[in-house]
Structures are given as structure tokens and as C-alpha cells.
Amino acid sequence: MAVSGNCWSAILLGIFFATANGIDIFLEWNVALDSTIKPAGFDQPVITINGMFPGPLINATTNDFVHVNVFNNLDEPLLFTWNGIQQRLNSWQDGVSGTNCPILPGTNWTYVFQTKDQIGSFFYFPSINYQKAAGGFGPIRVNNRDVIAVPFPKPEAEFDLLIGDWFYSDYKVTY
Ligand SMILES: *[C@@H]1O[C@H](CO)[C@@H](O)[C@H](O)[C@H]1NC(C)=O
Ligand SMILES: *[C@@H]1O[C@H](CO)[C@@H](O)[C@H](O)[C@H]1NC(C)=O
């Protein structure tokens, strides 16, 4: 099959822009309580995201834009913070009390932030009302773009380790 020179340069330009500018990652999260998980063997509410505890991995590459549409199905306000993500020029996406308003119960809101120039492992968690003691947290990976060299070989495999205390009681008794 013959492809003209112009066509090839268009394709190459397309590849260049795709790798240089990052992509948009769209996520939809349904946050709810589940009392059947019993992480410590007791009946207590656990905050799940799309039914998962811990929450789903956000697997991004530097310069990507992450859009997280959060549906709050809890019976109280909910605010997520993206711990360690720098939020350059958009501090209102940081998700701690005073930078954004919490998402009211029964409503949704979309966080949009860029994982700019930061390679590494991070995590997110709900930042108000001690909800992080009941779950709602999960891992964030920010991978390097191919054009950015890292001083180690590509790992054979990767897994995310989240460590925390777990209480026997309902997280709401703590506040
Ligand atoms: C995460 O993204 C990187 C870069 O696109 C990819 O190589 C890797 O397979 C992804 N990992 C998972 C668990 O999706
Ligand atoms: C709420 O979710 C709907 C449906 O996905 C979406 O169109 C809308 O933009 C979201 N609202 C906010 C404030 O993010």
C-alpha cells in the first residue's frame, strides 16, 4: 500500500503531539458505604469506590489530565484529596477543607487535575470527617513519559501498598 510523504508526516506529527501533551483520563466513581466487608472482623461501614476497597488505581503518566466524576452516595459531605499531586495553578482541586467545597450527599462533582512533571507513587483519600479511617482511599501512579529517562530499568511488575490503622467501631464515633 502506498502512503504519500505528506501523510506520513501527518502521522508522525500526530504521534509527537500524543506523547508530548498527555492524554485525558476520564473516571467515574460511585462512593458508597458497605458493611459486608468487615476488614477487622466487625460490622462497620466501609467507604467503597465502585464497590471496591481499597479504591481503584489511578494510573496516569506525567502531563496527563485526570477527570474524576465523583458521585457521593454517602449520607454526609465528601471531599477527596490527591495527596502529593502538586495542583499547579489549580489549588482548588486539592480537595482539603478551605480549597474546595465538599460534594453534598446525592450529588456529583468532577475533579480535573494534571499530573505534571511528577513521577512516582501517590494516594488519594477522603479528607474530612475522619472518613479516611473507613476507607475511600486508593493508589495513584504517575508513570514517566517515554521521552523522560528514569535511572532504573522498567520494573517487572508493580503493586501498590497502602498501610493504615483500622478501628473496630463505626468511623462516625470518632467525631
Ligand atoms: C499504567 O500505564 C502505563 C503507561 O501507560 C502502562 O504501561 C501500564 O501497563 C498501566 N498499568 C496498569 C495497571 O494499568
Ligand atoms: C455529574 O455527572 C453528569 C453525568 O455523568 C455529568 O454530565 C456532569 O457534568 C457531572 N456534574 C459535575 C458538576 O461534575
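No experiment lies behind these values; they were computed from the predicted model shown. No hydrogens, no waters, no symmetry mates; every other heavy atom, side chains included, goes into these values. As the structure lists them, so they are numbered: ligands from 1, and atoms in each ligand from 1.
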(request) In plain terms, say whether Lys116 and Asp64 are close enough for a salt bridge, that is, a side-chain N and a carboxylate O under 4.0 Å apart. (result) no
(message) Check Asp75 with Lys172, please: is the shortest side-chain N to carboxylate O separation under 4.0 Å?
(response) yes
(request) Please confirm whether Lys154 comes within less than 3.5 Å of ligand 1 when only nitrogen or oxygen atoms on both sides are compared. (result) no
(message) Just by distance, no angles: are the side chains of Asn59 and Asn143 close enough, under 3.5 Å, to form a donor-acceptor pair?
(response) yes
(message) Ignoring hydrogens and geometry beyond distance, is a side-chain donor-acceptor pair present between Asn83 and Thr81 at under 3.5 Å?
(response) no
(request) Looking only at non-hydrogen atoms, find the nearest pair between Glu28 and Asn50 and report the distance. (result) O-ND2, 3.0 Å
(request) Run through ligand 2 for me and note each protein residue having a heavy atom under 4.0 Å from it, chain first, then residue number. (result) Glu28, Asn69, Phe71, Asn108, Trp109, Thr110
(message) Tell me if the centroids of the rings in Phe167 and Phe42 come within less than 6.0 Å of each other.
(response) no
